[in-house]
2 protein chains.
Amino acid sequence: MPSHPGSENPGAETAAVVDLTAAIIAVSNEEPRILTVGEAGRNGGDGLDSLPSGPLEPGDRTLEAGLRRWVERQTGQTLGYVEQLYTFGDRNRALTGPAGPRVLSIGYLALVREARPAQAEAAWKGWYRYLPWEDWRDGRPEVLDRLQPALVEWAGRAPTKDDIRLRENRLGLTFGLHGGSWNDERVLERYELLYEAGLVPEAHRDGAAAPPECAGAAVDTANPMTADHRRILATAIGRLRGKIKYRPVVFELMPPAFTLLQLQRTVEALAGVRLHKPNFRRLVKRQGLVEETGETALETGGRPASLVRFRQEVTLERPAPGVRLPIVRRTG
Amino acid sequence: MPSHPGSENPGAETAAVVDLTAAIIAVSNEEPRILTVGEAGRNGGDGLDSLPSGPLEPGDRTLEAGLRRWVERQTGQTLGYVEQLYTFGDRNRALTGPAGPRVLSIGYLALVREARPAQAEAAWKGWYRYLPWEDWRDGRPEVLDRLQPALVEWAGRAPTKDDIRLRENRLGLTFGLHGGSWNDERVLERYELLYEAGLVPEAHRDGAAAPPECAGAAVDTANPMTADHRRILATAIGRLRGKIKYRPVVFELMPPAFTLLQLQRTVEALAGVRLHKPNFRRLVKRQGLVEETGETALETGGRPASLVRFRQEVTLERPAPGVRLPIVRRTG
DNA sequence: CCCTTATATACTCGAAGCGAGTATAAGGAG
DNA sequence: CTCCTTATACTCGCTTCGAGTATATAAGGG
């Protein structure tokens with residue numbers, strides 16, 4: 001056990017319980033999905049969905065091994081691509097009060113190729129069900145019509161004039177209000193802003209930032225999740241949206257052979273934004289991300305598309321292969 | 001306490017000790033520095049440097065609060081910008097054997113404005129002292145002359161021909177060997193590769209990946225650190241190098257007023273790469289990152305340079321303001 | 001058989017960004 | 001006054017990117 005200089009009470013280390021939580025993502029039918037386990041039937045649950053999770057156990061040699069063990073036990077899924085996201089450990093975020101043991105939850109992002117039927121308790125759900133304001137594929141989502149006035153009002157409730165301007169600027173950067181543009185990667189910032197504004201039920205549940213004046217909870221029409229799982233989901237989406245732009249991770253979600261349009265639809269589903277078709281094709285081809293299989297897909301409805309597969313070699317060639325996305329301007 | 005479905009032994013949660021470790025960075029005299037606390041005088045220490053760190057205590061409401069408390073106690077530094085990096089929890093990384101309590105260490109990156117005289121035990125050290133192969137400002141560092149043959153030999157030691165090609169490709173991507181280019185952000189990947197190759201003493205100390213045939217430890221002329229602190233430093237540098245390109249974090253390290261060349265030298269110090277002066281100026285100006293103070297710096301040695309300050313407003317205006325860097329091509 | 005429709009695929013154009021180089025301005029030292 | 005040093009401004013060419021348009025190839029209906 002390491003001793004630390006400056007420690008007045010050497011035995012004061014917190015004995016923490018480490019919780020491992022996975023945001024497992026797949027894409028099917030042009031819809032990004034998240035693997036959830038229902039909370040309804042047990043624990044006096046409130047019917048909210050959860051992410052697969054469980055405590056680290058002494059037998060786990062690595063954190064990732066513990067995560068894989070839990071996910072397989074709870075959902076039957078074997079994980080491929082896994083990446084650590086963030087470690088949460090604030091007192092108010094934990095389920096236990098200040099008296100109970102410290103709970104540390106480590107969030108992970110995992111990608112799996114296909115949404116095969118999961119175990120009884122587990123289910124794949126579209127992720128925009130939990131964060132509907134993130135889906136701009138069919139234009140500005142209507143949830144924002146309800147959210148926007150509440151957000152603007154929240155900005156106006158700031159104590160000083162400077163604080164009001166600060167909040168308005170934050171709204172511009174995150175939600176594209178006041179002339180700002182929509183940035184698909186700022187998923188977590190948007191969620192945290194809604195949390196701060198008291199517009200998601202989690203904020204009231206945790207007892208943090210719940211001023212009685214705001215009629216917040218009524219505005220959020222999305223499904224919340226247990227504990228801080230929706231925050232972890234938001235973190236995962238933001239990280240994934242960022243990563244597809246400079247690493248070929250989309251292909252972890254694609255079948256062995258696919259058409260370029262299928263690839264585009266998958267990227268659009270993840271990013272929540274529509275792309276310019278000719279430019280997307282040009283980009284993918286110039287980067288050498290795919291190669292033709294020789295076969296064609298006939299079920300397109302129009303001219304048959306040639307099937308392609310991912311070129312594993314690019315991982316070894318180019319320093320930053322990925323699918324760059326356009327900046328959606330002027331959406332406020 | 002949450003109960004988890006599928007848990008065969010509900011009481012099997014690991015009681016872990018949480019260690020908070022900070023990589024605190026400042027830049028002075030065109031040299032990036034890291035705040036260290038010496039290990040020499042205590043604990044039967046091996047004379048290695050450490051990063052400020054200490055266990056999370058029950059009184060800490062948030063993880064960051066615990067970190068700030070430790071840093072202030074050990075070094076007298078008050079932290080400004082703080083960002084979580086990664087959580088390490090593997091068995092072999094911990095100081096204790098498989099029998100002892102689980103140690104989880106959470107790494108943080110912190111930026112402070114000036115290297116004011118730290119507390120007795122603490123000291124600012126140039127970070128390239130620990131990772132000398134990362135400094136390409138005066139051309140290719142000579143350490144690589146010693147490292148390169150060992151790396152090439154390590155690649156050749158792979159079991160199969162495919163594995164050899166894989167390792168060679170990794171060398172190309174990380175160290176720019178075999179015709180690859182140098183990417184300043186892959187600091188962690190380079191350190192981990194050296195670790196795997198048994199070329200840093202930490203690998204032998206941990207007992208991981210230490211094949212007796214390699215004369216590894218002799219090659220690494222850099223200073224190691226205690227525990228996994230050098231890995232955390234590598235993580236911090238990589239993250240910082242990436243972040244300055246799309247967020248105006250460099251200014252956390254600058255004095256209130258500075259010249260454009262001073263800014264450029266700071267960026268170069270962090271990135272470990274030289275930049276094209278006219279292009280750097282054009283970039284900073286076009287992005288609107290700075291504004292003139294009206295005063296001039298006379299001690300330049302040539303024509304006086306006008307002093308500028310950071311424009312706080314850009315944080316609220318542009319979605320991704322930062323200092324883009326060139327790609328150094330063909331360095332193998 | 002031709003026409004419509006739907007999708008795939010190829011090509012073009014202009015604007016912006018960037019790497020690289022060059023020219024001019026304004027201080028100090030001798 | 002000349003030289004040296006650094007600051008600052010400008011130019012050129014290449015690449016990338018957003019956006020739009022044109023052509024190819026299937027199915028199906030009259």
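Every chain is numbered from 1, with letters handed out A, B, ... down the list of sequences. Only this structure's heavy atoms are used, side chains among them; waters, hydrogens and symmetry mates stay out.
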With a 4.0 Å cut-off on heavy atoms, is B:Leu260 in touch with a base, just the backbone sugar-phosphate, or nothing at all?
-> nothing
Under 4.0 angstrom, heavy atoms only, what part of the nucleic acid is A:Thr259 near: base, sugar-phosphate, or nothing?
-> nothing
Given atom [atom1] of [X] and atom [atom2] of [N], what is their separation to the nearest angstrom?
X        : N      : atom1 : atom2 : answer
B:Lys245 : C:dC18 : NZ    : C1'   : 15 Å
B:Arg281 : D:dT6  : CZ    : P     : 14 Å
B:Gln264 : C:dG19 : CD    : P     : 13 Å
A:Arg286 : D:dG18 : CZ    : P     : 10 Å
B:Leu275 : C:dA20 : CG    : P     : 11 Å
A:Gln287 : D:dC17 : CD    : P     : 8 Å

The criterion is salt bridge (Lys or Arg N to Asp or Glu O under 4.0 Å); which residues satisfy it with [X], sequence neighbours excluded?
X        : value
A:Glu31  : A:Arg137
B:Arg239 : B:Glu83
A:Glu185 : A:Lys245

B:Arg265/B:Glu268 salt bridge by N-O under 4.0 Å criterion = yes
Short side-chain N/O contact from A:Lys277 to OP1 or OP2 of D:dG20, under 4.0 Å = no
B:Ser306 side-chain N/O to D:dA7 phosphate OP1/OP2 under 4.0 Å | no
State which residues pass ring pair (Phe, Tyr, Trp, His ring centres under 6.0 Å) with A:Tyr86; sequence neighbours excluded, sorted by chain then number.
-> A:Phe88
Under the side chain to side chain donor-acceptor pair (under 3.5 Å) test, which residues partner A:Lys277, sequence neighbours left out?
-> none
Indicate, yes or no, whether a donor-acceptor pair under 3.5 Å links the base of D:dG18 to the side chain of A:Arg282.
-> yes
For each nucleotide in nucleotides 21-26 of chain D, reading 5' to 3', give B when a protein heavy atom comes within less than 4.0 Å of its base, S when such contact involves only the sugar-phosphate, and - otherwise.
-> B--BBS
